[in-house]
Amino acid sequence: MTFDPQIRRRRQLLDRLGDGVAIIPTAPERLRNRDAHYPYRFDSYFWYLSAFPEPEAVIVLVGGDAPQDLLFCRENDPEREVWDGFRYGPAAAAEIFGFAEACPLATLDKRLPELLANRHRLWHTLGHDAHWDRRAAAALNAVRAQSRNGTRAPREIHDLHALLDEMRLIKDAHEIELMRRAAAITDSGHRRAMHQCRPGVSEYHLEAELSHEFRRLGASGHAYTPIVAGGANACVLHYVDNDRPLVDGSLLLIDAGCELAGYAADVTRSFPVGGRFSGVQREVYEIVLAAQSAAIAALRPGAPFIAYHQAALRVLTQGLVDLRVLTGNVDDLIAQESYKPWYMHRTGHWLGLDVHDAGDYRFGSGDEDWTVLAPGMVLTVEPGLYFQASDATPVHLHGIGVRIEDDVLITADGGEAYTHAPKSIAAIEETMRHD
Ligand code: GLY
Ligand code: MN
Ligand code: MN
């Protein structure tokens, strides 16, 4: 394996630092209860720049005339490695991951003031991690303390994530390849869940089918807590209990995506527990599907981020009129946000190392200030309709919740949906046939 993409990204970032020093720590290990830890997940920014998998590691980039990339990481420790597994150690880490230099993490607090001395700026994101805010401040103070012997401390502190978010918004070829693979594994999980679904099995049974398929195909697991929501549970947007039996005649909503090499897929499918859509379920499903098609068709380079949400809103609002949930003129209903009781979320978000990925959506409060789509951006398209039991909703719709979510790459030609789990009513019913 080579780490050329990560080396290239560090060079790109170094070019933008000017006479400054950037500190990029990975995530700490976190206790779950007593001495048991949560499964370890690296920091996405650190991973983007290194693919170095160990905790207790920090990248330091020194910009300017003689740019330098340094990695601080754990030393080899034969005794600890018997308990916790392999550690690269600084020498091998520098060699394999392509850093100019790697040093023991224990030397960081001594090295940082030396690296910051007589530099213009520190690149650090305040508020991201209180531990590193304190450590960066201590390093600055250590330089300031030397002012009487002529050493100058950085006067400017800049937000490093602002630079990295811009870079992460446009996926490179390596990232797109990984995201396509994450999508294929996720599609396979959804297909398997559809195939295994029948009245009487429980939501957790299908969660387990997804988990099994994701791991079996090499993903590290779920990119976020999966939603496996039967019947009216689908109307709870962040339902994660996944512990109820599935009932014939109701719909099931599954929102699940795997994580592969750090990259997320994010896919939702809604389908009938018994394998056949009823008349009213079909009506609602076709409206959401048409809203998704309209939204995907609105994606192209040069379009403002908000345009595909507006395209979905128009179809969903017309659908609510057709279902006799709303009455009136569609433009007025959209202007008054009358759709909100049944469609209360946005139509999508950036996708990448984080399921709700880094990157600005808007630069100001004006209508002109939305991020303009460009090739290499990846986002989700996930319209839905949710009919909680309420006086405002016709009774025959109660308990129906439908969302359809796919992942889309912006290309020179438009939007390429690259997740492909069964989606048309015919394809879903065919996948669910048990004969
Ligand atoms: N799975 C989280 C989302 O769809 O945004
Ligand atoms: Mn989702
Ligand atoms: Mn999503």
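In this text the structure is predicted, and so the values were computed from the model without any measurement. One-based numbering, in listed order, for ligands and for the atoms of each.
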Heavy atoms, side chains only, cut-off 4.5 Å: are Q292 and D406 in contact?
yes

Provide the atom name of the closest N, O or S atom of E382 relative to the Mn ion (ligand 3).
OE2

May I ask you to check whether W47 and Y263 place their ring centres under 6.0 Å from each other?
no

Sidechain-backbone polar pair: D332 side chain, N329 backbone, donor-acceptor under 3.5 Å
no

for atom 3 (C) of ligand 1, nearest protein heavy atom and its distance come out as D266 OD2, 3.3 Å

Would you say V355 contacts ligand 1, with heavy atoms under 4.0 Å as the rule?
no

Which atom of H349 approaches the Mn ion (ligand 3) most closely (N/O/S):
NE2

Would you call R180 and E416 a salt bridge, using N to O less than 4.0 angstrom?
yes

Ligand-residue contact atoms, ligand 1 with H349, heavy atoms, under 4.0 Å:
3 (C), 4 (O), 5 (O)

Does this structure show an ion pair linking E29 with R41, if we count only N-O contacts that are shorter than 4.0 Å?
no

Check each atom of ligand 1 against the heavy atoms of E405 and keep those under 4.0 Å away; list them by number with element.
4 (O)

Checking the side chain of R198 only, and the main-chain atoms of H195 only, is there a donor and an acceptor separated by less than 3.5 Å?
yes

Atoms of ligand 1 less than 4.0 Å from H356 heavy atoms?
2 (C), 3 (C), 5 (O)

Here the vertex angle at the Mn ion (ligand 2) for OE1 of E405 and OD1 of D266, given to 10°, is 90°

